[in-house]
Participant: 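My questions all concern the structure below.
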Amino acid sequence: MRFTRIVRMEDGGSAFEDGELALEQRQVAEGVPPMAVGALPSRDGVQFLRSAAFDSSAHPAPREQWVVLVKGMIEVLVSDGSRRRFGPGDLVLAADTSGRGHVTTGVGEPPFEALFIPV
């Protein structure tokens, strides 16, 4: 499964990198057909976030964390000028924990909902 990582560059800016989450077919419980399963390592538990508006100024991620979009759409702008949109089911690994960071903007109808999973 593809995901996007937001990384800090040497100049303090941010950029996108593409990554791949390894999935394997596994039976997760008796009586349930095999499913594609992949690990999202977590250190401090999962947070659920709901917001009517998700417009930010430039900021680094507060910690390295997976962002799993559940509802709504966001657009992320990194310091090299690149923009990407993310919606339900998309995975983003926010790893730019220092430097200038990135800008996040809500797109379309609120609310925005996501799971934040610290790495």
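Positions are given from 1 along the sequence.
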Participant: Could you tell me which residues satisfy salt bridge (Lys or Arg N to Asp or Glu O under 4.0 Å) with E10, sequence neighbours excluded, listed by chain and number?
Facilitator: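 E10: no salt bridge (Lys or Arg N to Asp or Glu O under 4.0 Å) contacts found.
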
Participant: Taking only residues at least two apart or on different chains, which pairs with a member in residues 104-119 satisfy salt bridge (Lys or Arg N to Asp or Glu O under 4.0 Å)?
Facilitator: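 Output for this query lists R50-E113.
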
Participant: State the CZ-CG distance between F112 and L69, to the nearest 0.5 angstrom.
Facilitator: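 So the CZ of F112 and the CG of L69 are separated by 5.0 Å.
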
Participant: Side chains of I117 and V119, heavy atoms from C-beta outward: is any pair under 4.5 Å?
Facilitator: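 No. Closest side-chain heavy atoms not under 4.5 Å.
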
Participant: Applying side chain to side chain donor-acceptor pair (under 3.5 Å), can you list everything that pairs with T4, at least two apart in sequence or on another chain?
Facilitator: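 For T4, the residues satisfying side chain to side chain donor-acceptor pair (under 3.5 Å) (neighbours in sequence not counted) are R84.
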
Participant: If the condition is side chain to side chain donor-acceptor pair (under 3.5 Å), which residues does E17 pass it with, not counting sequence neighbours?
Facilitator: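 Per chain and number, E17 pairs via side chain to side chain donor-acceptor pair (under 3.5 Å) with no residue.
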
Participant: Taking all non-hydrogen atoms of both residues into account, name the closest pair between G89 and M1 and its distance.
Facilitator: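 The answer is O-CE, 3.6 Å.
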
Participant: How many angstroms lie between atom CG of D18 and atom CZ of R5, to the nearest 0.5 angstrom?
Facilitator: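 So the gap between those two atoms works out to 11.0 Å.
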
Participant: Any side-chain heavy atom of I6 sitting closer than 4.5 Å to one from F16?
Facilitator: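 Yes, close enough: below the 4.5 Å cut-off.
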
Participant: Please round to the nearest 0.5 Å and tell me the distance separating atom CG of L77 and atom OG1 of T105.
Facilitator: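 Reported to 0.5 Å precision, the distance equals 7.5 Å.
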
Participant: Which residues satisfy the side chain to side chain contact (heavy atoms under 4.5 Å, CB included) test with A58, sequence neighbours excluded?
Facilitator: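 With sequence neighbours excluded, A58 shows a side chain to side chain contact (heavy atoms under 4.5 Å, CB included) to V103, given in chain and number order.
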
Participant: Sequence neighbours left out, what passes side chain to side chain donor-acceptor pair (under 3.5 Å) with R100? Give chain and number order.
Facilitator: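 Once residues adjacent in sequence are excluded, R100 has no partner under the side chain to side chain donor-acceptor pair (under 3.5 Å) criterion.
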
Participant: Nearest heavy-atom pair of P118 and F116: which atoms, and what distance?
Facilitator: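 Nearest heavy atoms, P118 then F116: CD-O, 3.6 Å.
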
Participant: Got a second to check how far R2's CZ is from L21's CG, nearest 0.5 Å?
Facilitator: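 One finds 12.0 Å between CZ of R2 and CG of L21.
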
Participant: Would the distance check show the side chain of S56 and the main-chain N or O of T104 forming a donor-acceptor pair, the cut-off being under 3.5 Å?
Facilitator: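 A pair under 3.5 Å: yes.
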
Participant: Under the salt bridge (Lys or Arg N to Asp or Glu O under 4.0 Å) rule, what pairs show up with a residue in residues 65-79, not counting sequence neighbours?
Facilitator: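 Matches after skipping sequence neighbours: E75-R83, E75-R85.
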
Participant: Under a 4.5 Å cut-off applied to non-hydrogen side-chain atoms, are S79 and S14 in contact?
Facilitator: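 In contact.
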
Participant: Just to verify, what does P110 make a side chain to side chain contact (heavy atoms under 4.5 Å, CB included) with, not counting sequence neighbours?
Facilitator: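 Not a single residue meets the side chain to side chain contact (heavy atoms under 4.5 Å, CB included) criterion with P110.
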
Participant: With sequence neighbours excluded, give me every ring pair (Phe, Tyr, Trp, His ring centres under 6.0 Å) pair touching residues 76-108.
Facilitator: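 Found H59-H102.
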
Participant: Report the residues that fulfil side chain to side chain contact (heavy atoms under 4.5 Å, CB included) with L115, sequence neighbours left out, ordered by chain and then residue number.
Facilitator: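 Side chain to side chain contact (heavy atoms under 4.5 Å, CB included) check on L115 returns V46, F48, V68, V70.
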
Participant: Excluding sequence neighbours, so at least two apart, what forms side chain to side chain donor-acceptor pair (under 3.5 Å) with S51?
Facilitator: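 For S51 there are no side chain to side chain donor-acceptor pair (under 3.5 Å) partners, ignoring immediate neighbours.
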
Participant: What are the two closest heavy atoms between Q47 and R63, and how far apart are they?
Facilitator: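 So the minimum-distance heavy-atom pair works out to OE1-NH2, 2.9 Å.
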
